[in-house]
There are 2 protein chains.
Amino acid sequence: MARRYAGGVDGNRSLERGIEILRAFRPGVDTLGNGEIAERTGLPRSTVSRLTRTLVNSGMLDEVRSERAYRLAASVISIGHAMRTGSPVLNAIGPMMRAESARRRLNVGLATADRTMMVYLESIRYSPRAALRNVVAGQQVPMELTSLGRAYLAGITETERERLLKQFKRRSAAATRALLAEVRRSISAVERDGYCAVSWQPAVLAVATPIVLDGLPVYALNMSLQNVERSDALASELGAYLNAFAAKCKEVLGDREPK
Amino acid sequence: MARRYAGGVDGNRSLERGIEILRAFRPGVDTLGNGEIAERTGLPRSTVSRLTRTLVNSGMLDEVRSERAYRLAASVISIGHAMRTGSPVLNAIGPMMRAESARRRLNVGLATADRTMMVYLESIRYSPRAALRNVVAGQQVPMELTSLGRAYLAGITETERERLLKQFKRRSAAATRALLAEVRRSISAVERDGYCAVSWQPAVLAVATPIVLDGLPVYALNMSLQNVERSDALASELGAYLNAFAAKCKEVLGDREPK
DNA sequence: CCCTTAATTCCACTTAGTGGAAACGCCCGG
DNA sequence: CCGGGCGTTTCCACTAAGTGGAATTAAGGG
């Protein structure tokens, strides 16, 4: 059969489950035992036991005998590296992002969606002490709360967007009404100004804009500054930088029409 | 059943196959169609079709409709990030590695094995233009040709080592005899001096040492210099730096006995 | 517009996977 | 040193989930 097991349309249940197990590991949960995995994924313990064994054999998990637990193995970063290496967008504009970060003395990031989170393909953290400049990849930030995420939402299709908005409602019961309005306002801002500005973390001002290309997922590009008060003037200055930079990027990416 | 499908001891065949598909993507092969995947993995085309569909649904692959192909999705770097975040070794000595790179003005790397390749958890590339210092994770280098790999081989168990040496034979029919002798010489060097030196790439001299901890895979730590002629004097200077640094690292990692 | 090539769907077959229950083994406290 | 409890792995009967060759459909190319 293979088509449609309990609920799904088609696909392979075991593989889906195995991936779900890998996903259970996240920053903050470094090791997980079979029990915990079973709990988090809702899978029967015996099934988890078999799947983790397979993942160990395939090199995706390391077994920590002493703790009767598992942790993600190095293979996953090999694959992650292959992903970054193969990303045409990152390849095209990564160097430009570094240059721009140095030139403008601010943080520049490129991200796309992973379910309801935004994940950085690259986040260049500007620091006055240039030697400490930090490049991070893979970090996740919540879609609905960040400029990055809202720019992304502005870039995807109506139906996709509504689907995601529903999921936000489901997860944060609190402040939903106000938050959703916020999100929609940011989306309008993108449509009007090309970017949206959000101060998600205390003294950080961030602006972001979507990058829509043919045959690729929607990306979002952001710029941010730490240790500043949010002000409209600053936001529009950043926004102008971002729009200019995004325009340059789109030139480089020119062969893929926006629609 | 589930135990022992055609050859395997136990585990889940579909999951194994799905992982193998993910593994087929590597630096240089950014997109793959179902046909190519089938070829590379030896799986029947219909099976590949179903598994790739599942991987898309699980967010591990993006579909590139225009090319009838797939590419690794952003999720894989989220998981990669979680792996790095959860690595106790990287957490403990990562900052020290950065400091050491700056202090000694050389490259410092930490790696472990992924099958027969070494994969960097972190590779800090020193550049005289400090602002351009580059940190890479996930890159792979061949185990048998690099100081990193040979240090790793020196750190693992006899049986593991022999298993790997056999695999090297299998893959590079050429130069096998001489190469294996080389490898064994490097391993002896590690046992004698604490490190081994190899010039894998043209003008790069690298030294490496294993890090053996309880309940964790074996790691290897390396230091390297570009644009130098290989000389024994330089090698032993680097080796001394490395030994000193590794000793410091082991202090920090002290709670895990070497055996 | 037809032909080639590749991906997807179909479907009968059966094995590979499943999960509850039992066995195991580890760790802790007595 | 010896139970007792808890989490993990193994067992096993059941059968649905997965398989893969063949048919079908869809996508370029001439």
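No hydrogens, no waters, no symmetry mates; every other heavy atom, side chains included, goes into these values. The shown structure was predicted, so the numbers you read here are calculated from the model rather than taken from an experiment. Naming convention: chains lettered A, B, ... in sequence-line order (proteins, then strands); numbering from 1 in each chain.
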[Y] and [X], any side-chain heavy atoms less than 4.5 Å apart:
| X | Y | result |
| --- | --- | --- |
| B/Asn222 | B/Thr146 | no |
| B/Glu36 | B/Arg40 | yes |
| B/Ile93 | B/Leu221 | yes |
| B/Arg23 | B/Asp114 | yes |

Inset, instruction - For A/Arg17, answer base if it contacts any base atom (sugar-phosphate contacts may also be present), sugar-phosphate if it contacts only those atoms, and nothing otherwise; contact means non-hydrogen atoms under 4.0 Å. - result: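 Touches sugar-phosphate only.
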Inset, instruction - With heavy atoms under 4.0 Å as the rule, sort A/Ser46 into base, sugar-phosphate or nothing. - result: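 Answer is base: heavy atoms of A/Ser46 come under 4.0 Å of a base.
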Separation of [X] atom [atom1] from [N] atom [atom2], in whole Å?
| X | N | atom1 | atom2 | answer |
| --- | --- | --- | --- | --- |
| A/Glu36 | D/dC6 | CD | P | 16 Å |
| B/Glu63 | D/dA27 | CD | C1' | 14 Å |
| B/Asn12 | C/dT15 | CG | C1' | 13 Å |
| A/Glu67 | D/dT8 | CD | P | 12 Å |
| A/Arg68 | C/dC24 | CZ | P | 15 Å |
| A/Arg45 | D/dC11 | CZ | C1' | 18 Å |
| B/Ile37 | C/dT8 | CD1 | C1' | 14 Å |
| A/Leu51 | D/dT10 | CG | P | 14 Å |

Inset, instruction - Answer with yes or no whether B/Arg50 presents, from its side chain, a donor or acceptor under 3.5 Å of a partner atom in the base of D/dG20. - result: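 Counting by modelled atom types and ignoring angles, a donor-acceptor contact under 3.5 Å is found here.
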Inset, instruction - Choose from D/dT9, C/dT8, D/dT10 the nucleotide whose nearest atom is closest to any side-chain atom of B/Tyr70. - result: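 Per side-chain heavy atoms of B/Tyr70, the pick is C/dT8.
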Legend entry - Closest listed nucleotide, where the reference is the side chain of B/Arg13 and the choices are D/dT9, D/dG20, C/dT9: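 When the side chain of B/Arg13 is considered, D/dG20 is the closest of D/dT9, D/dG20, C/dT9.
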Inset, instruction - Would you kindly compare A/Ser14 and A/Asn34 by the position of their nearest DNA chain D nucleotide and give the one closer to the 5′ end? - result: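 Whichever sits nearer the 5' end wins; that is A/Asn34.
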Inset, instruction - Answer yes or no: is there an ion pair linking B/Glu144 with B/Arg161, defined by an N-O contact shorter than 4.0 Å? - result: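 No, this pair does not count.
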Legend entry - Side-chain N or O of A/Ser49 closer than 4.0 Å to phosphate OP1/OP2 of D/dT8: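 No, outside the criterion.
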